[in-house]
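Encoded as structure tokens, the structure appears first; notes follow it.
Naming: A, B, ... by sequence-line order, numbering from 1 per chain.
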Protein chains: 2
Amino acid sequence: MKQSYNNGVEATLGVIGGKWKPQLLCHLGNRPQRTCDLRRELPAISQKVLTQQLRELESDGIINRHISGERAPFKVTYDLTDLGRSLGQILVQMSVWGEQRASQVPDMEIANDHGGFSNILTTN
Amino acid sequence: MKQSYNNGVEATLGVIGGKWKPQLLCHLGNRPQRTCDLRRELPAISQKVLTQQLRELESDGIINRHISGERAPFKVTYDLTDLGRSLGQILVQMSVWGEQRASQVPDMEIANDHGGFSNILTTN
DNA sequence: GGTAGTAGGTACTTTTTGGTAACCATTGAT
DNA sequence: ATCAATGGTTACCAAAAAGTACCTACTACC
């Protein structure tokens with residue numbers, strides 16, 4: 001089915017808009033990661049949702065999935081594609097804007113800054 | 001209730017992430033608009049959701065609401081706050097990224113480009 | 001043989017979000 | 001007197017997103 005957006009911003013939100021995607025992208029922005037690494041770094045995400053969001057990012061061409069080993073236990077690694085890396089600037093700016101805002105609004109907090117994207121900033 | 005985000009990107013998505021917010025922000029980025037103007041420009045949005053999203057943007061400090069007239073029919077005008085204008089760059093970049101992506105993915109289209117944000121680009 | 005680690009799937013439920021339809025109050029125009 | 005325009009509100013419903021719980025399959029360890 002052909003998906004239709006009203007503007008570019010929506011199209012972009014369709015890619016980075018999931019609840020966990022920003023954090024996943026950040027961790028993958030640092031370095032390639034295995035599934036179990038991501039689960040350790042984001043203990044609150046369930047397997048189902050993790051797999052789901054990784055599959056979506058993969059089918060959107062943002063990350064690559066590499067499997068090594070023919071029989072279980074498999075070693076599955078994810079990393080950013082070039083397209084994924086091209087989101088870096090946007091994510092950094094959103095991160096900065098959001099952090100600045102959170103620091104000014106008393107009723108808002110950034111819990112455990114998994115994914116400040118400052119790391120991406122240094123590597124881009 | 002204190003709202004908590006895991007990182008700045010989520011905090012930003014909390015503000016611009018609604019289904020109609022990017023479009024509303026774009027139209028308001030052009031010039032101040034009345035409720036009925038917005039409804040004419042976005043015929044698909046329902047009254048309820050329009051009011052809802054405008055209220056959220058307002059309570060997030062992104063837009064201002066001005067009422068003129070004491071008795072109905074009121075004249076209600078919305079415009080961007082400084083904070084709202086500070087989102088301009090991010091929205092433009094997201095717009096550009098999304099449009100570029102849509103032009104490369106055959107199964108994706110930008111329907112009726114309400115809110116390309118190129119206008120914001122020129123005024124910022 | 002039991003347990004933990006690895007990567008994932010499926011069924012079901014809950015929460016969040018968006019949409020429909022009907023309503024209020026007021027004014028001005030026909 | 002009735003209707004359209006203006007700017008909402010409310011109760012109810014539907015769809016989307018996320019979460020829970022349990023399942024597979026294989027290996028290595030003790």
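- A/I67 is not listed as a side-chain neighbour of A/K75, based on a closest heavy-atom distance of 4.5 Å or more.
- In this structure, A/Q47 atom CD and C/dA7 atom C1' are separated by 8 Å, rounded to whole Å.
- Interatomic distance, CD of A/Q93 versus CE of B/M94, reported as 11.0 Å (0.5 Å rounding).
- Whole-Å rounding puts the A/L50 CG to C/dT6 P distance at 13 Å.
- Rounded to whole angstrom, the span from the NZ atom of B/K48 across to the P atom of D/dT9 amounts to 11 Å.
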Provide a list of protein-nucleic acid N or O atom pairs under 3.5 angstrom, restricted to nucleotides 25-30 of chain C.
unit_1: C/dT27; atom_1: O4'; unit_2: B/A72; atom_2: O; d: 3.3

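- A/I45 places its CD1 atom 14 Å from the C1' atom of C/dA7, with the value rounded to the nearest Å.
- Residues B/R39 and B/L50 meet the side-chain proximity criterion, which asks for heavy atoms closer than 4.5 Å.
- Checking side-chain atoms of A/Q52 against main-chain N and O of A/K48 turns up no donor-acceptor pair under 3.5 Å.
- In terms of the side-chain contact (heavy atoms from CB on, under 4.5 Å) criterion, residue partners of A/T81 (sequence neighbours excluded) are, by chain and number, A/N64, A/L83.
- Looking only at atom types and distance, the side chain of B/S95 has a donor-acceptor partner in the side chain of B/E99 under 3.5 Å away.
- Taking every heavy atom of residues 51-65 of chain A and every atom of DNA chain D, pairs under 4.0 Å involve A/Q53, by number.
- Across the protein-nucleic acid pair, B/I67 atom CD1 and D/dG8 atom P stand 8 Å apart, rounded to whole Å.
- Residue contacts for A/K75: at a heavy-atom cut-off of 4.0 Å it reaches the sugar-phosphate backbone alone, with no base atom in range.
- We find that CZ of A/R39 is positioned 15 Å from P of C/dA4, with the value rounded to whole Å.
- The separation between A/R34 atom CZ and C/dG5 atom P is 13 Å, rounded to whole Å.
- Taking A/S4 as the reference, B/E109, B/A111 meet the side-chain contact (heavy atoms from CB on, under 4.5 Å) condition, with sequence neighbours excluded.
- Note on residues 50-69 of chain A: pairs passing salt bridge (Lys or Arg N to Asp or Glu O under 4.0 Å), not counting sequence neighbours, are A/K21-A/E56, A/D60-B/R101.
- Counting non-hydrogen atoms under 4.0 angstrom, A/S46 reaches a base of the nucleic acid.
- Both A/D37 and B/K19 lie close to DNA chain C; mapped to their nearest nucleotides by heavy-atom distance, the more 5′-ward contact belongs to A/D37.
- Qualifying salt bridge (charged side-chain N to carboxylate O under 4.0 Å, His left out) partners for A/D37, counting only residues two or more places apart in sequence or in other chains: A/R40.
- Atoms CH2 (B/W20) and C1' (C/dG19) sit 10 Å apart, rounded to a whole Å.
- Among the atoms of the strands shown, only primed sugar atoms or phosphate atoms (P, OP1, OP2) are found under 4.0 Å from some heavy atom of A/R40.
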